[in-house]
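Okay, so here's the structure we're looking at.
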Amino acid sequence: MADFSKPYNPKETEERIYDLWQKSGFFTPENLPNADTREPFSIAMPPPNATGTLHLGHALEYSLQDAIIRFQRMRGKRALWLPGTDHAAIATNTKVEKMLIKKEGKNRHDIGREAFVTIVEDFVAKSRGAMQRQIRQIGASVDWTREAFTMDDQRLLAVRTAFKRMFDAGLIYKGFRVINWDPKGQTAVSDDEVEHKEEKGTLYTFRYAPDFPIPVATTRPETKVGDTAVAVHPNDTRYRQYIDKEFTIEFAGTKLQIKIIADESIDPEFGTGAVGITPAHSLIDADIAQRHDLPMVQIINEYGRMTESAGPLVAGKKTKEAREIIAAWLKERNLLEKEETIDLNISIAERSGGVIEPLPKLQWFVNVNAKFKIQNSKLLHIPSGEETTLKDIMRQAVASGQINIMPDRFEKIYFHWIDNLRDWNISRQLWYGHRIPVWRHKSAKCKAQSAKLENNNLIVSIEPLTHCPQCNDIVEQDPDTLDTWFSSALWTFSTLGWPDENAKDLKLYHPTSFMNPGYEILFFWVARMVLMSGFLLGEIPFKTVYLHGILRDDQGRKFSKSLDNGIDPVDVIEQYGTDALRMALVVGIGPGNDANFDLNKVKAYKHFANKIWNAARFVLTHIEGFDPKQDVSLTEHDACVVEQAHTLAAEVTQDMENYHLYLAAEKLYHYFWHTFADIIIEEAKPRLQSKNAEERISAQKMLYETLVLQLKLLHPFMPFITETVWEQIPKKHEDLLIIQKWPVA
RNA sequence: GGGCGAUUAGCUCAGUUGGCUAGAGCGUCGCAUUUACACUGCGAAGGUCGUAGGUUCGAGCCCUACAUCGCCCACCA
């Protein structure tokens with residue numbers, strides 16, 4: 001029991017209270033009173049990356065989710081909050097490899113796949129333990145018995161099953177295409193993993209040869225040894241006469257075959273109105289090349305060096321060196337017509353920081369535009385048996401209102417992303433992650449190959465294979481791993497028993513009720529969950545998406561290692577208590593808004609915790625002899641006070657239901673301090689001393705009731721102190737506060 | 001280039017459907033004192049709600065333009 005004679009000391013009580021809750025079993029919804037008659041309410045916790053420790057952003061996320069799950073639990077829902085961890089393939093692979101390079105001066109290729117994966121797994125095991133402790137400290141009422149990991153056996157089965165079903169439906173294919181290659185991380189990345197950074201660059205306007213009729217402009221002269229065409233607008237009168245002509249050119253020590261083509265996508269107003277097409281090293285050029293059936297010459301390799309095909313002048317050189325060599329070559333021959341400095345955007349791999357080099361490579365893709373027949377659809381406007389596409393599903397799920405995104409403005413951003421979406425590259429040349437569940441024959445061709453397989457010798461399988469089930473030849477697994485978001489996209493249902501479609505959890509808790517990610521992963525994760533859930537289950541993964549913003553430091557700067565402005569939530573909790581931190585992260589921070597984190601705000605809520613403590617102590621010492629089971633009638637004044645408190649309760653409930661937690665919490669704070677403590681208690685003091693027993697008992701009951709009411713209302717936000725005070729209070733039943741009935745129906 | 005957000009007290013920010021005499025925390029200044037609580041109470045100063053127009057009985061909130069800051073998307077070569 002806490003010592004009521006001293007100021008509130010969170011350290012003394014928080015761990016004990018968390019244990020009390022956990023031992024009660026109430027985090028597991030089956031253990032709640034009358035569990036079977038309760039309506040389900042579920043949240044899948046966005047699994048934190050297994051890359052290390054939790055930061056304030058996680059604390060914000062869990063404070064919101066815990067407030068909601070506690071509210072719903074008290075409201076009588078069968079409340080499930082399912083925790084877990086994400087293996088975060090690329091992030092973890094990158095982080096551990098960096099550590100390895102720093103410590104031993106070796107990269108993953110130096111030590112080999114098996115050794116590297118072992119090191120990563122050890123690292124992840126340690127991180128997960130630390131993160132579980134931190135989640136407890138935040139007070140998160142998660143069901144630990146259902147804890148999941150994106151790489152455990154159950155999730156592995158889900159990933160392979162999803163892959164196979166998509167492959168069988170023609171939605172996953174292997175294709176040779178120009179993709180975003182990260183030379184630093186030595187892997188392909190998806191479009192969403194590419195960031196743009198503005199930089200000054202040089203725009204060179206030149207001719208391939210003195211007699212070449214059309215000048216072109218480029219910021220990357222080194223790629224011009226890979227050009228196979230020049231594209232102009234079909235209506236451009238300057239160049240119309242050259243369309244379809246072909247030129248053989250000696251260029252920078254190599255021979256080019258340049259065809260003049262007409263393409264609508266060319267802007268005649270920009271530059272010279274003509275574009276040199278490099279099919280192998282530009283995603284846009286690759287599209288144009290495909291339309292015109294142009295040949296592709298790869299002149300840059302995976303390490304950012306020029307290949308033999310680039311010609312002897314630059315072969316083996318780094319792209320930057322080659323750029324200067326070719327620019328000089330042009331200058332010498334008087335082919336360079338103009339050099340100007342312009343702003344350009346360079347593409348950066350978000351994890352490694354490497355400069356993206358578009359390269360043609362064989363990769364696995366999810367086809368977002370392929371039509372397929374959807375089975376068992378519960379999606380609005382997409383009936384079962386109808387042809388649809390993954391894009392359609394993603395769009396309709398939100399457009400129909402079946403999924404509600406908060407704040408609204410992100411719906412527009414979401415639609416815009418979908419409209420411009422290309423096929424999703426899901427293969428990575430990393431070693432940590434779900435290996436692609438495809439096996440190929442080592443030697444001879446299997447006679448029993450499925451006609452469906454567009455590549456020879458491939459078998460897609462849920463069970464791991466050593467031999468081909470048909471011809472018994474030895475097979476080996478595809479060396480690539482899956483994009484980490486492939487497994488995360490299954491999260492809402494892979495955690496509930498899927499692929500067993502009859503799993504009890506899946507039927508009860510899916511679609512989940514609430515999803516609370518940061519807006520920065522709207523595309524990476526939220527959209528992909530809609531895609532997967534739509535295709536595999538024919539339903540939405542969640543009903544409400546509440547996007548939270550980013551926390552910055554007190555000067556509005558991002559938290560970062562280089563600024564060394566990081567704040568460990570555990571330190572804040574040590575100093576001010578969990579409840580204070582939670583309030584500081586909830587009050588006044590609306591959905592989708594970034595917020596500056598100020599320790600003064602936490603301090604203010606620590607004071608509030610103390611205020612609750614003292615007010616409760618006052619009430620307790622002045623209601624001695626009062627029995628809550630006894631029926632007492634209130635004076636008119638006291639009845640009025642209680643009624644007003646209930647008006648507040650109704651308002652707060654409304655706010656909670658609308659997920660306006662930031663308003664609910666602030667109202668409760670304000671009421672407790674400036675109405676309950678400053679006015680109600682002060683006015684009650686003389687009556688508590690009154691000789692008139694009726695008046696005295698009425699005042700006691702009034703104080704008791706309003707305090708109890710507020711403890712319940714505050715519990716979702718400040719669970720520790722409210723539960724601690726609750727322990728001290730005389731009550732009708734000796735149950736924990738965590739399962740008390742919410743005071744508003 | 002396209003889209004979005006922010007601009008409210010010295011600082012950090014709320015303000016839910018237009019009703020506001022514009023609020024909170026911190027900070028500042030006065031007063032109180034063995035008080036449930038100094039992690040306190042009472043009170044005060046401090047705002048032409050970015051700028052300019054408009055709609056309305058009424059605008060911090062709605063509309064239009066502009067300015068500043070920030071974010072997202074996009075390989076005008």
Side-chain angles (χ1 to χ4, degrees), chain A residues 4-9 178 180 191-192 194-196 203-205 216-220 223-224 227 230-231 265-278 281-288 342-347 356 358 407 409-410 412-413 415-417 419-420 519-520 522-523 549-550 552-556 558 576-577 580 583-584 587-590 592-622 651 654-655 658-660 662-667 669-670 673-674 677-678 681-682 685 703:
Chain A
F4 238 148
S5 65
K6 290 193 216 150
Y8 177 60
N9 184 351
V178 176
N180 306 300
D191 296 344
D192 299 284
V194 178
E195 287 176 342
H196 301 282
L203 182 68
Y204 303 86
T205 306
V216 294
T218 184
T219 53
R220 297 194 63 187
T223 64
K224 298 292 104 182
D227 283 11
V230 166
S265 70
I266 307 302
D267 177 3
E269 303 295 316
F270 186 82
T272 64
V275 184
I277 301 298
T278 321
H281 300 287
S282 156
L283 267 65
I284 288 219
D285 291 6
D287 281 351
I288 295 176
I342 58 162
D343 293 325
L344 61 103
N345 284 309
I346 55 165
S347 302
I356 293 293
R409 66 187 141 91
F410 282 96
K412 235 190 279 177
I413 297 171
F415 290 137
H416 180 258
W417 178 80
D419 291 342
N420 295 292
Y519 61 70
E520 75 277 9
L522 177 62
F523 309 141
I550 293 168
R552 301 165 180 284
D553 74 3
D554 54 5
Q555 295 166 53
K558 270 196 176 175
Y576 301 102
M583 279 298 271
V587 173
I589 302 181
N593 288 336
D594 292 350
N596 294 0
F597 183 81
D598 187 348
L599 278 173
N600 275 326
K601 194 171 170 190
V602 186
K603 195 171 149 196
Y605 288 106
K606 188 192 172 172
H607 293 178
F608 180 50
N610 197 52
K611 193 75 183 176
I612 294 174
W613 189 250
N614 283 300
R617 175 160 65 155
F618 175 85
V619 172
L620 278 178
T621 52
H622 288 83
E651 230 177 273
Q654 194 62 46
D655 286 336
N658 295 330
Y659 298 112
H660 293 156
Y662 54 106
L663 294 177
E666 187 171 13
K667 279 178 192 167
Y669 165 83
H670 209 258
W673 201 310
H674 298 296
D678 290 349
I681 288 183
E682 291 304 322
K685 277 178 183 174
L703 286 179

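Chain A is the first sequence line, chain B the second, and so forth, proteins listed ahead of strands; every chain is numbered from 1.
- Distance, A/Asn420 CG to B/G3 P: 13 Å, rounded to whole Å.
- Within 4.0 Å (heavy atoms only), A/Phe410 reaches no atom of the nucleic acid at all.
- The distance from atom CD1 of A/Ile346 to atom P of B/C76 is 15 Å, rounded to the nearest whole Å.
- Put simply, CD on A/Glu195 is 12 Å from C1' on B/C71, counting in whole angstrom units.
- Listed nucleotides: B/A36, B/U16, B/C76. Nearest to the side chain of A/Glu682: B/A36.
- Residue A/Lys601 places none of its side-chain N or O atoms closer than 4.0 Å to OP1 or OP2 of B/A14.
- Checking A/Asn614 against A/Trp673, the closest nucleotide of RNA chain B that is more toward the 5' end is the one next to A/Asn614.
- Here A/His660 does not reach the OP1 or OP2 of B/U16: none of its side-chain N or O atoms lies under 4.0 Å away.
- Between the C1' atom of B/U35 and the CZ atom of A/Phe618 lies a distance of 10 Å, rounded to the nearest Å.
- The nucleotide B/C49 finds no pairing partner, because no Watson-Crick or G-U wobble arrangement with both distances shorter than 3.5 Å includes it.
- Remark: B/G19 base-pairs with B/C57. Criterion, Watson-Crick or G-U wobble with two distances under 3.5 Å.
- For B/G23 and B/G47, the C1' atoms lie 11 Å apart once the distance is rounded to whole Å.
- The side chain of A/Arg409 sits closest to B/G5 out of B/U12, B/G5, B/A36.
- Side-chain atoms of A/Phe270 lie closest to B/A77 of the nucleotides B/C39, B/A77, B/U12.
- Map A/Pro7 and A/Lys224 each onto its nearest nucleotide of RNA chain B; the residue landing nearer the 5' end is A/Pro7.
- The phosphate of B/A24 (OP1 or OP2) has no side-chain N or O of A/His670 nearer than 4.0 angstrom.
- In this structure, A/Tyr662 reaches the sugar-phosphate backbone alone: every heavy-atom distance under 4.0 Å involves primed, P, OP1 or OP2 atoms, never a base.
- The side chain of A/Lys667 lies closest to B/U16 when the candidates are B/A24, B/U16, B/C26.
- Nearest heavy atoms, A/Val230 versus A/Ala274: CG1-CB, 3.9 Å.
- Annotation: A/Tyr576 is not in aromatic contact with A/Tyr605 [ring centroid separation under 6.0 Å not met].
- Of the candidate nucleotides B/A36, B/C76, B/U16, B/U16 has the atom lying nearest to any side-chain atom of A/Asp655.
- Base pairing of B/A6: its partner is B/U68, meeting the Watson-Crick or G-U wobble criterion (both donor-acceptor distances under 3.5 Å).
- Between the P atoms of B/G19 and B/C63, the separation comes to 15 Å (whole Å).
- Comparing the P positions of B/C72 and B/C20 gives a spacing of 38 Å, expressed to the nearest Å.
- The minimum heavy-atom distance linking A/Ala584 with A/Ile589 is given by the pair O-CD1, 4.0 Å.
- Counting only heavy atoms from C-beta on, A/Phe523 has its side chain closest to B/C73 among B/C75, B/C73, B/C37.
- Listed candidates were B/C4, B/A36, B/U16. Nearest to the side chain of A/Arg617 is B/A36.
- The environment of A/Lys667 atom NZ is dense: over 12 non-hydrogen atoms of other residues, nucleotides or ligands sit within 6.0 angstrom.
- Taking atom C1' in both B/G18 and B/U55, one finds a spacing of 12 Å when rounded to whole Å.
- For the C1' atoms, the distance linking B/C37 with B/G27 amounts to 22 Å, nearest Å.
- Comparing the same atom, C1', in B/A14 and in B/A9 gives a spacing of 13 Å after rounding to whole Å.
- Side-chain proximity of A/Asp678 to the nucleotides B/U12, B/G5, B/G41 is greatest for B/G41.
- A/Lys224 NZ to A/Ile277 CD1: the interatomic distance, rounded to the nearest 0.5 Å, is 7.5 Å.
- Note: OH (A/Tyr605) to P (B/C39) measures 19 Å, nearest angstrom.
- For B/G1, the paired base is B/C73 (Watson-Crick or G-U wobble, both distances below 3.5 Å).
- Going from the P atom of B/C29 to that of B/G46 covers 16 Å, rounded to whole Å.
- The partner of B/G25 is B/C11, by the rule that a Watson-Crick or G-U pair needs both atom distances under 3.5 Å.
- Among the heavy atoms of the strands lying under 4.0 Å from A/Ser282 is at least one base atom, whether or not backbone atoms are also near.
- Residue A/Lys412 is classed as a sugar-phosphate contact, given heavy-atom separations below 4.0 Å to backbone atoms only.
- The nearest pair of heavy atoms linking A/Ala217 to A/Leu203 is CB-CD1, 4.0 Å.
- When the P atom is used for both B/C62 and B/A6, the distance is 9 Å, rounded to whole Å.
- Of the possible donor and acceptor atoms, one in the side chain of A/Asn610 sits under 3.5 Å from a partner among the backbone N and O of A/Tyr8.
- Note on A/Lys611: a side-chain N or O is less than 4.0 Å away from OP1 or OP2 of B/G41.
- Summarising the geometry, the separation between CG on A/Asn596 and C1' on B/G70 is reported as 12 Å, rounded to the nearest angstrom.
- Across all strands shown, A/Ala217 has heavy atoms under 4.0 Å from sugar-phosphate atoms exclusively, and none from any base.
- Each of B/A36, B/C75, B/U16 was ranked by its minimum atom distance to the side chain of A/Ala677; first place goes to B/A36.
- Looking at A/Asn345, its side chain comes within 3.5 Å of the base of B/A74 through a donor and an acceptor atom.
- Remark: A/His607 is in phosphate contact with B/U40, judged by side-chain N or O atoms under 4.0 Å from OP1 or OP2.
- Across the protein-nucleic acid pair, A/Asp343 atom CG and B/C75 atom P stand 17 Å apart, rounded to whole Å.
- Under a 4.0 Å N-O distance rule, the pair A/Lys601/A/Asp598 does not qualify as a salt bridge.
- For A/Ala580 against A/Lys606, the heavy-atom pair with the smallest separation is CB-N, 3.5 Å.
- Within 4.0 Å (heavy atoms only), A/Thr219 reaches sugar-phosphate atoms of the nucleic acid but no base atom.
- Between the CG atom of A/Asn600 and the C1' atom of B/G10 there is a distance of 14 Å, rounded to whole Å.
- Listed candidates were B/A77, B/C75, B/C39. Nearest to the side chain of A/Ile284 is B/C75.
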